[in-house]
Asks: 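This is the structure I have questions about; it appears just below.
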Amino acid sequence: MKLSAKTLNILKNFSTINPSIVIKPGNTLASIASNKTVLAKATVPDTFERQVPIYALSRFLSALSLFDDPDVQFGDNSAVISGARGSITYHYSDPTVILAPPEKDIKLPSVDVTCSLTNKAMQDVLKAMSVLGLPELAIVGDGSGLTLQAIDVKNPSADTFSVAIGDTDLAFRAVFRAENIKIIDGDYQVQISSKGISQFTGVEATYWIAIEQSSTF
């Protein structure tokens, strides 16, 4: 089995959410953060025939990178990664030591805000957060316009960065911790619930991300 570029990209992204993964039979990959603030799911082109529990996902991906065009045979207890000049037997983890996501998708308890978020807007704000040392990202409505902001909730006098992303007649501020924004580059449709959770739906994957208690609706 040769893993597609999309599958590898999803696995690389999911390794930033949780360093471990249990790949279930089928073509759906899922990951959940250890503190359960982020859940991600994606449908991939490759179909897995059996459960594959990997404790160190980044290490597994690095093992694949040792070969130019690796072939992976997933066995019951290990995977054999082979290339033109050699092979690796990569042993699976005990699946019980890996936090597994729920089988069913999360249903938002309410949808209080919807908006579109472009990759350009997100990248601009993430860059500003890094440059200015700001720990939070916020989607803000002021009753007329929507902005995506880089902010520091605990320091009202801190610098802020804003990008206009649309219009709204709602007044709210949905706050996200920087470390919870681990989405693949792309455009997203965003749904936000005032009950503390949001859903980012993109072409490559869907993410459910907690919003902070400092949010206001």
Side-chain angles (χ1 to χ4, degrees), residues 9-10 12-18 29-43 101-102 104-217:
N9 192 38
I10 293 292
K12 182 178 179 181
N13 172 251
F14 283 11
S15 72
T16 68
I17 296 170
N18 190 318
L29 300 178
S31 181
I32 188 170
S34 59
N35 59 5
K36 300 183 180 180
T37 56
V38 182
L39 168 67
K41 288 192 175 183
T43 300
K104 294 183 178 180
D105 291 347
I106 294 175
K107 184 177 181 180
L108 299 187
S110 64
V111 178
D112 301 294
V113 176
T114 60
C115 64
S116 298
L117 189 59
T118 67
N119 183 60
K120 179 64 166 60
M122 177 62 80
Q123 295 307 314
D124 286 347
V125 170
L126 290 176
K127 182 178 180 180
M129 293 173 72
S130 176
V131 170
L132 300 175
L134 299 171
E136 288 107 7
L137 173 150
I139 298 175
V140 180
D142 64 3
S144 61
L146 273 173
T147 55
L148 184 66
Q149 301 180 1
I151 62 173
D152 185 343
V153 169
K154 294 182 179 180
N155 184 7
S157 63
D159 299 325
T160 60
F161 179 87
S162 300
V163 175
I165 59 172
D167 300 318
T168 184
D169 59 358
L170 301 174
F172 69 93
R173 184 175 71 168
V175 179
F176 303 84
R177 294 291 302 175
E179 57 265 30
N180 290 337
I181 305 298
K182 297 177 178 178
I183 60 178
I184 288 178
D185 292 352
D187 299 338
Y188 287 86
Q189 294 298 316
V190 181
Q191 297 177 308
I192 301 171
S193 171
S194 60
K195 305 300 183 182
I197 192 168
S198 66
Q199 180 175 323
F200 286 60
T201 304
V203 173
E204 300 292 328
T206 299
Y207 302 82
W208 292 266
I209 306 173
I211 61 174
E212 297 302 299
Q213 292 185 350
S214 53
S215 301
T216 56
F217 292 88

Asks: At what distance, to the nearest 0.5 angstrom, does OG1 of T37 lie from CD1 of I32?
Replies: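 Nearest 0.5 Å value for the OG1-CD1 distance: 8.5 Å.
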Asks: Please report the C-alpha distance between E179 and N35 in whole Å, then the side-chain angles of each, then the deciding distance to 0.1 Å, and finally whether the side chain to side chain contact (heavy atoms under 4.5 Å, CB included) criterion is met.
Replies: CA-CA 12 Å; E179 57 265 30; N35 59 5; over 6 Å; no
Asks: Using only atom types and a distance under 3.5 Å, with no angle test, would you say the side chain of D152 pairs donor to acceptor with the backbone of D159?
Replies: no
Asks: Before you tell me yes or no, could you show the steps for I106 and Q199 under side chain to side chain contact (heavy atoms under 4.5 Å, CB included), namely the whole-Å CA-CA distance, both residues' side-chain angles and the distance that decides it to 0.1 Å?
Replies: CA-CA 9 Å; I106 294 175; Q199 180 175 323; over 6 Å; no
Asks: Would you say S110's side chain and D112's backbone share a donor-acceptor pair under 3.5 angstrom?
Replies: no
Asks: With a 3.5 Å cut-off and no angle check, do the side chains of T147 and Q149 form a donor-acceptor pair?
Replies: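 Result is yes, a qualifying pair exists.
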Asks: Do T201 and T206 have side-chain heavy atoms sitting under 4.5 Å apart?
Replies: yes
Asks: Kindly give the heavy-atom pair with the smallest separation between L170 and T168, and that separation in Å.
Replies: N-OG1, 3.0 Å
Asks: Please tell me if the side chains of I181 and M129 come closer than 4.5 Å, counting only heavy atoms from C-beta onward.
Replies: no
Asks: Which pair of heavy atoms, one from A30 and one from K41, lies closest together, and at what distance?
Replies: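 Nearest heavy atoms, A30 then K41: CB-CG, 3.7 Å.
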Asks: Got a second to check how far I183's CD1 is from I17's CD1, nearest 0.5 Å?
Replies: 10.0 Å
Asks: Give me the atom names and distance for the closest heavy-atom approach of L108 to S198.
Replies: CD2-C, 4.2 Å
Asks: Please find the pair of heavy atoms, one from T16 and one from K182, that lie closest to each other, and give the distance.
Replies: O-NZ, 2.8 Å
Asks: Parallel, tilted or perpendicular: which fits the ring planes of F200 and F176, with parallel below 30° and perpendicular above 60°?
Replies: perpendicular
Asks: Give the minimum heavy-atom separation between W208 and I197, together with the two atoms involved.
Replies: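 Minimum heavy-atom separation between W208 and I197: CB-CD1, 4.3 Å.
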Asks: Mind checking the OG-CZ spacing from S214 to R177? Nearest 0.5 Å is all I need.
Replies: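 Those atoms lie 8.5 Å apart.
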Asks: Could you give the side-chain donor-acceptor pairs of residues 116-128 under 3.5 Å, partners two or more places apart or in another chain?
Replies:
unit_1, atom_1, unit_2, atom_2, d
S116, OG, Q189, OE1, 3.2
S116, OG, Q189, NE2, 3.0
T118, OG1, A121, N, 3.1
N119, OD1, Q123, NE2, 3.4
N119, OD1, G186, N, 3.0
K120, NZ, D124, OD1, 3.1
K120, NZ, D124, OD2, 2.8
Q123, NE2, D185, OD1, 3.0

Asks: Counting only N and O atoms by type, is there a donor-acceptor contact under 3.5 Å from the side chain of S215 to the main-chain atoms of V175?
Replies: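 Checked: pair present.
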Asks: Would N180 and E212 count as a side chain to side chain contact (heavy atoms under 4.5 Å, CB included) here? Give the steps.
Replies: CA-CA 10 Å; N180 290 337; E212 297 302 299; 4.1 Å; yes
Asks: Just verifying a value: how many Å separate T216 OG1 and I211 CD1, rounded to the nearest 0.5 Å?
Replies: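 Nearest 0.5 Å value for the OG1-CD1 distance: 9.5 Å.
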Asks: Just wondering, do N13 and S31 contact through their side chains at under 4.5 Å, heavy atoms?
Replies: no
Asks: Grab the two heavy atoms, one from Y207 and one from I184, that are nearest each other, plus how far apart they are.
Replies: OH-N, 3.1 Å
Asks: How many angstroms lie between CG in L134 and CD in E136, if you round to the nearest 0.5 Å?
Replies: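 So the CG of L134 and the CD of E136 are separated by 8.5 Å.
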Asks: Measuring from atom OG of S144 to atom CG of D169, what distance do you get when rounded to the nearest 0.5 angstrom?
Replies: 10.0 Å
